[in-house]
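Sequence lines set the chain letters: A, B, ... in the order given, protein chains first and strands last, and positions in each chain run from 1. This one's a predicted model, so the numbers in the text were calculated from it and none came from an experiment.
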Number of protein chains: 2
Amino acid sequence: MVRRDEVRAGERALDAPPPATDAGLVFVGRLRTPWTDRLLCPRQGRPDGPVCRIEVFAPWAPDILDGVEALARIEVLYWLHRSRRDLVRQSPADDGTARGTFALRSPVRPNPIGTAVVSLLGREGDTLLVQGLDCLDGTPLLDLKPDRTGFTPIAPRQPGDDEIAATETAATSRPGHAPPRPGRSAV
Amino acid sequence: MVRRDEVRAGERALDAPPPATDAGLVFVGRLRTPWTDRLLCPRQGRPDGPVCRIEVFAPWAPDILDGVEALARIEVLYWLHRSRRDLVRQSPADDGTARGTFALRSPVRPNPIGTAVVSLLGREGDTLLVQGLDCLDGTPLLDLKPDRTGFTPIAPRQPGDDEIAATETAATSRPGHAPPRPGRSAV
């Protein structure tokens with residue numbers, strides 16, 4: 001994170017952001033990293049970065065971690081608790097040029113949820129040792145998932161598994177909501 | 001999603017899950033997909049799947065989308081609004097064997113946030129056309145980010161950018177919270 005809380009030239013903050021009351025989150029753990037100030041954090045996690053710790057709280061742990069040991073890479077979702085939420089245009093270089101928040105991976109966003117894919121080095125009780133984080137020490141944990149690229153669903157097949165786009169032309173020219181299409185076999 | 005709301009043999013639900021009041025979310029848009037029932041959804045999005053639409057609401061749109069057009073792949077975060085949140089062990093195959101929720105990509109989790117990486121086909125006003133989603137029609141949107149594998153930070157370098165693990169042995173043997181390490185040049 002590379003800002004305190006300022007609004008820079010070219011940026012735009014909403015005057016009255018809608019209240020964040022559509023759904024509620026519960027913090028299920030805490031990330032322990034070497035970085036105690038936003039101005040020291042890496043901009044992105046690196047695979048050979050410092051070893052960090054993911055502490056998972058009771059009553060979710062230990063059951064919720066059963067089988068995690070077998071994973072090589074884990075997707076981590078966390079709450080960027082120090083981020084403002086009202087900027088729709090941002091200037092990461094602070095040079096007067098700005099772009100939309102959804103075109104940036106800045107921690108400042110309407111729902112400040114960070115995602116990382118980390119390597120799992122080991123487990124000590126309800127704590128995981130990982131590499132690849134880039135967030136502040138003490139960041140609240142929201143979720144852990146197997147990295148999608150290494151995970152095969154266990155559940156039985158569903159009809160949607162076999163649905164593919166009819167043709168790109170037909171699909172992209174359809175106005176409004178796409179209606180359900182009959183399942184088609186994927187080769 | 002492949003369950004209604006049942007608890008299966010071998011699974012474990014918390015008796016009294018902590019309340020989800022640690023942070024609040026605001027729905028910033030809506031996903032339009034062909035799937036109107038959880039039992040029809042794909043288990044995972046596929047790159048050649050049906051074209052879906054991501055509608056971004058005002059007052060965030062249009063500013064927040066500025067520059068998104070240039071992205072080939074986008075990370076999508078959404079709220080799995082139909083999921084129960086109290087299962088810590090789950091049996092995707094419903095065969096009596098179960099594993100921890102954090103070792104599964106099931107939509108049922110303490111904070112039911114789904115993530116997908118989709119291909120961006122186009123933009124029509126405040127709506128994006130994408131391929132690769134697997135969720136229910138009407139799913140609330142939480143966030144969009146450039147796919148991490150295609151994004152280079154714009155912000156100036158920070159000290160953490162250069163921090164690497166000292167040695168794997170030293171790092172993994174350190175008990176408790178890892179202290180800050182001085183920056184080291186990455187080669």
Side-chain angles (χ1 to χ4, degrees), chain A residues 2 12 14 18 20-28 32 34-35 40-43 48 50-51 59-60 63-68 77 79 88-89 92-93 99-103 105 109-111 113 121 129 142-145 151 153-155 158-161 163-165 171-172 177-178 180-181, chain B residues 2 12 14 18 20-28 32 34-35 40-43 48 50-51 59-60 63-68 77 79 88-89 92-93 99-103 105 110-111 113 121 129 142-146 151 153-155 158-161 163-165 171-172 177-178 180-181:
Chain A
V2 292
R12 183 176 166 232
L14 294 178
T21 53
D22 290 330
L25 296 172
V26 58
F27 297 160
V28 297
R32 307 313 304 256
W35 304 293
L40 300 174
C41 287
R43 297 170 303 166
D48 59 351
V51 178
W60 299 281
D63 278 26
I64 206 164
L65 288 170
D66 184 32
V68 164
L77 275 62
W79 186 248
V88 287
R89 295 177 57 85
R99 68 178 73 178
T101 293
F102 284 173
R105 290 188 66 91
R109 30 210 335 117
N111 293 300
I113 299 169
L121 304 180
L129 304 180
L142 298 177
D143 197 12
L144 299 175
K145 306 177 195 284
F151 184 73
I154 300 164
Q158 299 232 128
D161 288 351
E163 283 186 59
I164 59 174
T172 56
H177 168 213
R181 257 182 300 277
Chain B
V2 292
R12 181 174 167 235
L14 294 177
T21 53
D22 291 330
L25 295 173
V26 58
F27 297 160
V28 297
R32 308 313 306 256
W35 303 293
L40 300 175
C41 286
R43 297 170 303 165
D48 59 350
V51 178
W60 299 281
D63 278 29
I64 206 164
L65 289 170
D66 184 31
V68 164
L77 274 63
W79 186 248
V88 288
R89 295 176 57 83
R99 67 178 72 179
T101 294
F102 284 173
R105 291 188 65 93
N111 293 300
I113 299 169
L121 303 180
L129 304 179
L142 297 177
D143 197 11
L144 300 175
K145 306 176 195 285
F151 184 72
I154 300 164
Q158 299 232 129
D161 288 351
E163 283 185 61
I164 59 174
T172 57
H177 168 212
R181 257 183 299 277

So, the part of Arg99(A) with a heavy atom under 4.5 Å from chain B: the answer is both

Would you say Val28(A) and Phe102(B) make side-chain contact, with heavy atoms under 4.5 Å?
-> yes

Thr101(B) versus Asp63(A): any side-chain heavy-atom pair under 4.5 Å?
-> no

Can you tell which part of Leu142(B) gets under 4.5 Å to a heavy atom of chain A, answering side chain, backbone, both or neither?
-> both

Contact check, side chains of Leu40(B) and Gln158(A), non-hydrogen atoms, under 4.5 Å = no

Please tell me if the side chains of Pro18(A) and Pro59(B) come closer than 4.5 Å, counting only heavy atoms from C-beta onward.
-> yes

Would you please test Leu25(A) and Ile113(B) for side chain to side chain contact (heavy atoms under 4.5 Å, CB included) and show each step?
-> CA-CA 10 Å; Leu25(A) 296 172; Ile113(B) 299 169; 4.0 Å; yes

Asp143(B): partners by side chain to side chain donor-acceptor pair (under 3.5 Å), with sequence neighbours left out | Arg109(A), Lys145(B)

Please answer whether the main-chain N or O of Phe151(B) pairs with a side-chain N or O of Arg105(A) as donor and acceptor at a distance below 3.5 Å.
-> no

With a 4.5 angstrom heavy-atom cut-off, could you sort out which part of Ile154(A) is near chain B: side chain, backbone, both or neither?
-> both

When every non-hydrogen atom of Pro34(B) is compared with those of Glu163(A), the smallest separation belongs to CB-OE1, 4.3 Å

Assess whether side chain to side chain contact (heavy atoms under 4.5 Å, CB included) is satisfied between Trp79(A) and Asp22(B), documenting all intermediate values.
-> CA-CA 10 Å; Trp79(A) 186 248; Asp22(B) 291 330; over 6 Å; no

Largest heavy-atom contact set with chain A, pairs under 4.5 Å, which of Gly100(B), Pro110(B), Gly67(B) | Gly100(B)

Ranking Ile64(A), Leu144(A), Asp66(A) by heavy-atom pairs under 4.5 Å to chain B gives rank one to Ile64(A)

Is the closest side-chain heavy-atom distance between Asn111(A) and Leu77(B) below 4.5 Å?
-> no

